[in-house]
Amino acid sequence: MKPNVLFPVITAILGFGAGWVLKPATAPEPVVRKSPPARPAVPPPTEVAAEPAPPPVKRTQPAVRPAGAADDETLKNQLKSRDEAKLARLVEALNLNDEQKAVFLNAMNMAEGILNPEATLDPSKMLETALNAASGIEKAISGTLTPEQAAAFAALRKRSEENTIESTTQNRMGELAKLSDLSPEQREKLAGIIRENVRTSHEGRPAGLDLVLDTSVLPLGNTFIANSAVDNMIFSQGSALDPATQRSYIDLQRKNLDSQFEDYKDVLTPAQQERLRIDIEERKQALDRVGELLR
């Protein structure tokens, strides 16, 4: 297994989204097949006059696009629509004028250049790179906002974070609910535990990181960091391509899985605990199989 695909594999095993800098997938290039050479036309017998060829039929349907072209166009339109909606919400919430809108868009272009350089980034450098981009954004837009607009922008970001925490909580709660028959009281208690854990994780993130995630209030185009991948990234434990670092990372994720059992077990019945334990053991075994590939 190539080292640079390890972390997305691990995040998939853990049941969370995977990715570093995400871009819309493009469809493969169409396969061009060469037609066999045309056979020479057989002339009609000399004694029979050849009938004139019928006039060409005019077709009103559009030309057929190569395979994948429509998908690429759909993705571009989706990204454009998403960013337009985000920009419209910024204008609505902050009452931006045209000059301020231009400052925001220029800041977004600058951030995209930092997050998506020509050279491939080591995942262990992603936090530093992301914070560099976020810092540039904040410096660019802080000078164009009035005090009232700055306060409104801070409130918008806070609401976005709360919405992200709740969305993440419900997603994880949904995965947990699949394992066993939970009562409404159990679901409420477990959701509270998960919500608190997610909130603690968000509070431990560096300031400004929210601006360059896929949950950002800003129109980032097609370059951003997946919010679901942040908690599973290595930031300061050496190169993410170092096998020793990767093994340490696997050990850390095993401990995190054990912590989940400890967090949830008091809410569950003995039979429900056993079902959760089995699921966690299966995930740990999958992590171990990945680790064996690094030896």
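Computed from a predicted structure; not experimentally measured. Reckoned from all heavy atoms, side chains included, excluding hydrogens, waters and symmetry mates.
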Asks: Listed by chain and number, what are the salt bridge (charged side-chain N to carboxylate O under 4.0 Å, His left out) partners of E185, not counting sequence neighbours?
Replies: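 Not a single residue meets the salt bridge (charged side-chain N to carboxylate O under 4.0 Å, His left out) criterion with E185.
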Asks: Compare all side-chain heavy atoms of L268 with those of L182 and state whether any distance is below 4.5 angstrom.
Replies: yes
Asks: Under 6.0 Å from the NZ atom of K189, do we count more than 12 heavy atoms belonging to anything else shown?
Replies: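 Open: at most 12 neighbouring heavy atoms sit under 6.0 Å from NZ of K189.
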Asks: State, yes or no, whether a side-chain contact exists between T168 and N227 at a heavy-atom distance under 4.5 Å.
Replies: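 Yes, close enough: below the 4.5 Å cut-off.
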Asks: Give me the atom names and distance for the closest heavy-atom approach of Q149 to N95.
Replies: NE2-O, 3.2 Å
Asks: So which heavy atom on L209 is nearest to which on L213, and how close?
Replies: O-CG, 3.4 Å
Asks: Can you name the residues that form a salt bridge (charged side-chain N to carboxylate O under 4.0 Å, His left out) with E188, not counting sequence neighbours?
Replies: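 Salt bridge (charged side-chain N to carboxylate O under 4.0 Å, His left out) list for E188, sorted by chain: empty.
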Asks: CG of N171 to OG of S167: how many Å apart, nearest 0.5 Å?
Replies: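 It is 4.5 Å, given to the nearest 0.5 Å.
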Asks: At their closest point, which heavy atom of L211 faces which heavy atom of S216, and how far apart are they?
Replies: O-OG, 2.8 Å
Asks: Please round to the nearest 0.5 Å and tell me the distance separating atom CG of L96 and atom CD1 of I141.
Replies: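 Going from CG on L96 over to CD1 on I141, the span is 9.0 Å.
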Asks: Listed by chain and number, what are the side chain to side chain donor-acceptor pair (under 3.5 Å) partners of K178, not counting sequence neighbours?
Replies: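 Result, side chain to side chain donor-acceptor pair (under 3.5 Å) vs K178: E175.
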Asks: Restricting to non-hydrogen atoms, name the atom on R275 and the atom on L179 that form the minimum distance, rounded to 0.1 Å.
Replies: CG-O, 2.9 Å
Asks: List in chain and number order the residues that pass side-chain contact (heavy atoms from CB on, under 4.5 Å) with A88, two or more places apart in sequence or in another chain; answer none if no residue qualifies.
Replies: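 Testing A88 for side-chain contact (heavy atoms from CB on, under 4.5 Å), a comparison that skips the adjacent residues, returns none.
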Asks: As a quick check of understanding, evaluate side-chain contact (heavy atoms from CB on, under 4.5 Å) for R89 and V217, giving each step before the final call.
Replies: CA-CA 8 Å; R89 177 55 184 151; V217 298; over 6 Å; no
Asks: Checking side-chain contact (heavy atoms from CB on, under 4.5 Å) for the pair T215/F224: CA distance, chi angles, key distance, verdict?
Replies: CA-CA 9 Å; T215 53; F224 47 81; over 6 Å; no
Asks: Working to the nearest 0.5 Å, report the span between CD1 of I165 and CD of Q170.
Replies: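 One gets 12.5 Å once the value is rounded to the nearest 0.5 Å.
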Asks: If the condition is side-chain contact (heavy atoms from CB on, under 4.5 Å), which residues does D263 pass it with, not counting sequence neighbours?
Replies: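 side-chain contact (heavy atoms from CB on, under 4.5 Å) check on D263 returns I193, N197.
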Asks: Going by salt bridge (charged side-chain N to carboxylate O under 4.0 Å, His left out), name the pairs with one or both residues in residues 147-167, residues two or more places apart or in two chains.
Replies: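 Sorted pair list: E138-R157, R157-D210, K158-E161, K158-E162, E162-R199, E166-R195.
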Asks: Measure the CZ-CG distance between F261 and L276 for me, rounded to the nearest 0.5 Å.
Replies: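 Here the interatomic distance stands at 6.0 Å.
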Asks: Partners of E203 by side chain to side chain donor-acceptor pair (under 3.5 Å), sequence neighbours excluded?
Replies: none
Asks: Show the nearest heavy-atom pair for residues A140 and V103, with the distance to one decimal.
Replies: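 For A140 and V103, the tightest heavy-atom pair comes out as O-CG1, 3.4 Å.
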Asks: Do K86 and L218 come within less than 4.5 Å of each other through their side chains, counting heavy atoms only?
Replies: no
Asks: What pairs of residues pass the side chain to side chain donor-acceptor pair (under 3.5 Å) test when at least one of them lies in residues 101-111, not counting sequence neighbours?
Replies: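 Not a single pair qualifies under side chain to side chain donor-acceptor pair (under 3.5 Å).
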Asks: T164 side chain to S160 main-chain N or O, any donor-acceptor pair under 3.5 Å?
Replies: yes
Asks: Which residues pass the side chain to side chain donor-acceptor pair (under 3.5 Å) test with E99, sequence neighbours left out?
Replies: none
Asks: Going by the rule side-chain contact (heavy atoms from CB on, under 4.5 Å), which residues pair with L105 if we only count those two or more places apart in sequence or in a different chain?
Replies: L87
Asks: A side-chain contact here means heavy atoms from C-beta on lying under 4.5 Å apart; do M173 and L190 qualify?
Replies: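 Sidechains of L190 and M173: in contact.
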Asks: Tell me, with the steps shown, if R205 and V230 meet side-chain contact (heavy atoms from CB on, under 4.5 Å).
Replies: CA-CA 9 Å; R205 294 177 177 182; V230 171; 3.6 Å; yes
Asks: Could you grab the distance from atom CG of D98 to atom CD of Q100, nearest 0.5 Å is fine?
Replies: 9.5 Å
Asks: Can you see which heavy atom on A130 is nearest to which on L115, and at what distance?
Replies: CA-CD2, 3.9 Å
Asks: Quick one: list whatever passes side chain to side chain donor-acceptor pair (under 3.5 Å) with T269, sequence neighbours left out.
Replies: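 Expected list: Q272.
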Asks: Between CD1 of I137 and CZ of F104, what distance do you get to the nearest 0.5 Å?
Replies: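 Those atoms lie 9.5 Å apart.
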Asks: Which residue is it: D279, D258, D251? I am looking for the one with a salt bridge (Lys or Arg N to Asp or Glu O under 4.0 Å) to K284.
Replies: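 Option passing the salt bridge (Lys or Arg N to Asp or Glu O under 4.0 Å) with K284: D258.
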Asks: Are E281 and L257 close enough that some pair of their side-chain heavy atoms sits under 4.5 Å apart?
Replies: no
Asks: For a 4.5 angstrom cut-off between non-hydrogen side-chain atoms, does E128 reach N132?
Replies: no
Asks: Holding to salt bridge (charged side-chain N to carboxylate O under 4.0 Å, His left out), I want the full list of residues that pass it with R187, two or more places apart in sequence or in another chain.
Replies: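 None.
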Asks: Are any non-hydrogen side-chain atoms of Q273 and R277 less than 4.5 angstrom apart?
Replies: no
